[in-house]
Amino acid sequence: MEQFTGRPIFQGIAIGPIRLYTKKEQQVKRYKITDAEAEIARFHRARETAAAELASLYEAAVRQVGEANAMIFEVHQMMLEDEDYLDSVTHIIRTQEINAEMAVATTGDNFSAMFSAMEDEYMRARAADVKDISERLIACLVNGGSASELLTEPAILAAEDLAPSETVQLDKSMLLGFVTRLGSANSHTAILARTMNLPALIGIRPDPAWNGRLAVVDGYSGTLTVDPDEEYLLQMQTRKAQDEEKRTLLQQLKGKETVTRSGRRVKLYANVGSLSDIRSAMENDAEGIGLFRSEFLYLEKKDFPTEEEQFAIYRTALENMGGKKVIIRTLDIGADKQIDYFGLEREENPALGYRAIRICLTRPDIFRTQLRALLRASVYGPLSIMFPMIISLDEVLAVKEILEEVKQELTAQDIPYAPVEIGVMIETPAAVMISEQLAAEVDFFSIGTNDLTQYTLALDRQNPKLDSFYDPHHPAVLRMIRETIANGHAHGCWVGICGELGADEELTEAFLEMGVDELSVSPPMILRLRKRIREL
């Protein structure tokens with residue numbers, strides 16, 4: 001029995017085999033062939049296999065992240081039928097008399113370079129698609145199937161790290177828990193773990209020798225146990241059964257009011273990043289969506305999502321919530337959330353750099369597209385729009401001016417939209433200090449405690465070396481939250497908390513005493529927090 005200690009991201013017990021995920025570069029070897037037509041036939045068989053894989057991925061993605069986000073796999077399917085690409089591969093096989101793997105690799109490199117050199121932004125983004133398609137074809141030729149599928153049976157996933165583009169392709173029904181070396185409590189993988197109620201640890205280096213061995217993830221103590229002995233395994237199985245029993249008891253709180261014994265009511269909303277999270281929010285009886293992270297629409301794609309794609313997602317979210325409020329945060333890219341096709345330059349201090357509303361205000365083409373999609377969707381349910389990383393009144397005024405211009409455009413085009421609430425994220429000390437001014441211009445505040453803690457304490461929340469210094473209970477952080485709530489209420493704004501601190505049961509009573517109107521947390525935390533509030 002071996003035991004390793006990491007940082008717990010979500011409490012709970014996971015028991016099962018470890019599935020190690022390592023990113024491997026495919027080594028393509030060149031060799032001569034004697035029968036070009038037979039080699040071309042082999043290539044086409046691989047193409048058929050790749051097309052079947054993409055069809056399966058599309059169906060899985062539709063279930064997990066919605067049709068608009070799944071469209072990338074349809075695009076890849078169409079690229080497998082591209083005559084220029086196919087002609088290039090077959091031409092190289094015939095004229096150079098070389099193997100299909102090398103012909104595909106050469107074609108992929110050539111087409112990728114060609115697209116990358118184009119001036120049109122959309123066409124440049126196709127370079128990554130060509131690379132993906134070529135790698136899939138090579139995997140089919142070499143292995144008879146794609147190496148991209150991470151899980152084929154229920155398992156604990158262990159990896160150095162997982163990119164958002166990788167997590168979105170996971171078969172989430174096969175996930176028992178996560179263990180990664182890199183990442184933070186606010187990484188995409190961590191958010192996924194909390195949303196799905198999965199025990200997860202970070203700060204543990206995966207060992208290739210673990211692959212396939214039985215393990216236990218203890219999300220309470222932060223330990224990973226490989227090859228547990230019989231006594232320990234029995235102990236963890238008992239604790240896991242107790243957890244499941246507690247979750248069953250919490251189900252009795254569905255449909256109950258979120259109100260204290262003294263009659264103090266608070267709204268209990270959910271933080272989500274996809275349509276599948278919406279389903280989880282509904283299953284856990286969320287009273288609304290307090291934070292829809294729209295950036296995941298961008299993170300999950302190879303190119304800028306169109307107005308129609310965004311509209312479809314926002315409309316579905318509103319319809320699925322059945323008349324409950326949905327607060328959608330506008331694009332929050334930058335810092336730890338990077339996207340290649342945005343073409344953002346490397347920054348020395350990305351957390352203090354070009355991100356969120358700063359990108360939106362300087363890239364109005366991107367911003368207006370999102371605002372049009374949001375306003376069009378507003379007729380399908382109560383929608384609130386929230387703007388992140390605000391530090392000045394001028395930013396709020398600029399945002400409101402652009403929003404009004406977009407409304408006028410829609411009116412001129414006879415496109416309907418409904419009234420929407422607008423709010424801002426309070427996640428910088430600057431926003432706290434001018435919250436009185438901001439409150440006069442918006443309908444609500446949502447306090448992002450993750451960034452507010454980071455900027456107040458001058459600590460990079462993505463740096464694991466600083467974990468021991470990171471104190472979200474710091475008096476300065478709590479004082480800023482209290483001041484924001486007081487200033488918001490003084491000027492007619494309701495105030496919520498959507499950062500991780502909102503789910504901290506040690507602070508629930510303090511937040512209610514401060515007068516918070518709404519708490520937005522990961523879906524699995526909703527019933528636990530309702531229980532806590534009803535006991536106060």
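What you see is a predicted model; the values in this text were computed from it and never measured. Starting from 1, each residue takes its place in the sequence as its number.
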Are there over 12 heavy-atom neighbours, none belonging to [X], within less than 6.0 Å of that residue's [atom1]?
| X | atom1 | result |
| --- | --- | --- |
| Tyr220 | OH | yes |
| Met236 | CE | yes |
| Arg479 | CZ | no |
| Lys246 | NZ | no |
| Lys531 | NZ | no |

Please test Glu2 against Arg213 for salt bridge (charged side-chain N to carboxylate O under 4.0 Å, His left out), starting from the C-alpha separation and ending with a verdict.
CA-CA 11 Å; Glu2 298 176 276; Arg213 291 161 67 182; 3.1 Å; yes
As an exercise, state the distance from [atom1] of [X] to [atom2] of [Y], rounded to the nearest 0.5 Å.
| X | Y | atom1 | atom2 | result |
| --- | --- | --- | --- | --- |
| Met425 | Ser446 | CE | OG | 5.5 Å |
| Ile278 | Met321 | CD1 | CE | 6.0 Å |
| Ile426 | Cys493 | CD1 | SG | 8.5 Å |
| Phe311 | Leu375 | CZ | CG | 11.5 Å |
| Asp471 | Thr453 | CG | OG1 | 8.5 Å |
| Glu231 | Leu234 | CD | CG | 8.5 Å |

Identify the heavy atoms of [X] and [Y] that sit nearest to each other, and give their distance.
| X | Y | value |
| --- | --- | --- |
| Ser378 | Ala418 | OG-N, 2.8 Å |
| Leu361 | Ala398 | CD2-CB, 4.1 Å |
| Met386 | Gly290 | CE-O, 3.9 Å |
| Pro206 | Leu20 | CB-CD1, 3.3 Å |
| Tyr417 | Val379 | CA-CG1, 3.5 Å |
| Thr369 | Pro305 | CG2-O, 4.4 Å |

Are the side chain of [X] and the backbone of [Y] linked by a donor-acceptor contact shorter than 3.5 Å?
| X | Y | result |
| --- | --- | --- |
| Thr449 | Leu501 | yes |
| Asp443 | Ile422 | yes |
| Asp504 | Glu506 | yes |
| Asn487 | Ser435 | no |
| Ser392 | Glu395 | yes |
| Asp517 | Val495 | yes |
| Ser520 | Ala270 | yes |
| Ser384 | Ile327 | no |
| Asn284 | Ile526 | no |

For [X], side chain to side chain donor-acceptor pair (under 3.5 Å) partners two or more places apart:
| X | result |
| --- | --- |
| His491 | none |
| Arg239 | Asp218 |
| Glu307 | Arg372, Arg376 |

Full working for side chain to side chain donor-acceptor pair (under 3.5 Å) between Ser294 and Gln370
CA-CA 9 Å; Ser294 70; Gln370 181 171 35; 2.8 Å; yes
Holding to salt bridge (Lys or Arg N to Asp or Glu O under 4.0 Å), I want the full list of residues that pass it with Lys267, two or more places apart in sequence or in another chain.
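Per chain and number, Lys267 pairs via salt bridge (Lys or Arg N to Asp or Glu O under 4.0 Å) with no residue.
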Residue list, salt bridge (Lys or Arg N to Asp or Glu O under 4.0 Å) with Lys400, at least two apart or on another chain:
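Result, salt bridge (Lys or Arg N to Asp or Glu O under 4.0 Å) vs Lys400: Glu441.
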Does the side chain to side chain contact (heavy atoms under 4.5 Å, CB included) test come out yes or no for Arg528 and Gln11, once each step is laid out?
CA-CA 12 Å; Arg528 284 172 56 177; Gln11 294 181 337; 3.5 Å; yes
Determine whether [X] and [Y] make a side-chain contact, defined as any pair of heavy atoms from C-beta on separated by less than 4.5 Å.
| X | Y | answer |
| --- | --- | --- |
| Leu452 | Met480 | yes |
| Ile289 | Tyr269 | no |
| Thr180 | Ile204 | no |
| Arg358 | Ile391 | yes |
| Ile202 | Arg181 | no |
| Arg329 | Phe387 | no |
| Leu478 | Pro475 | no |
| Ile156 | Arg19 | no |

Run the salt-bridge test on Glu513 and Arg482 with the 4.0 Å N-O cut-off and return the result as yes or no.
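Looking at Arg482 together with Glu513, the answer is yes, because their closest N to O distance falls below 4.0 Å.
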Between Arg293 and Asp332, does at least one N-O distance fall below 4.0 Å, as a salt bridge requires?
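Salt bridge flag = no for Asp332 with Arg293.
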Between Lys240 and Gln237, do the side chains contain a donor N or O and an acceptor N or O under 3.5 Å apart?
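Absent: no donor and acceptor within the cut-off.
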Chi angles and distances behind the side chain to side chain contact (heavy atoms under 4.5 Å, CB included) call for Leu176, Ile15:
CA-CA 7 Å; Leu176 300 176; Ile15 303 172; over 6 Å; no
May I have the step-by-step check of salt bridge (charged side-chain N to carboxylate O under 4.0 Å, His left out) for Glu319 and Arg315, ending in yes or no?
CA-CA 6 Å; Glu319 289 178 333; Arg315 172 181 174 173; 3.0 Å; yes
Working note: Thr223 + Val216, criterion side chain to side chain contact (heavy atoms under 4.5 Å, CB included); need CA distance, chi angles, decisive distance, verdict.
CA-CA 8 Å; Thr223 56; Val216 177; over 6 Å; no
Would you check, one step at a time, whether the test side chain to side chain contact (heavy atoms under 4.5 Å, CB included) holds for Glu244 with Arg247?
CA-CA 5 Å; Glu244 291 170 357; Arg247 280 196 291 272; 3.3 Å; yes
Summary of ring pair (Phe, Tyr, Trp, His ring centres under 6.0 Å) pairs that have at least one residue in residues 429-451, sequence neighbours excluded:
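Matches after skipping sequence neighbours: Phe444-Trp494.
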Applying side chain to side chain donor-acceptor pair (under 3.5 Å) between Arg530 and each of Glu535, Glu257, Glu287, report the one that passes.
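Looking at Glu535, Glu257, Glu287, the match for Arg530 under the side chain to side chain donor-acceptor pair (under 3.5 Å) is Glu287.
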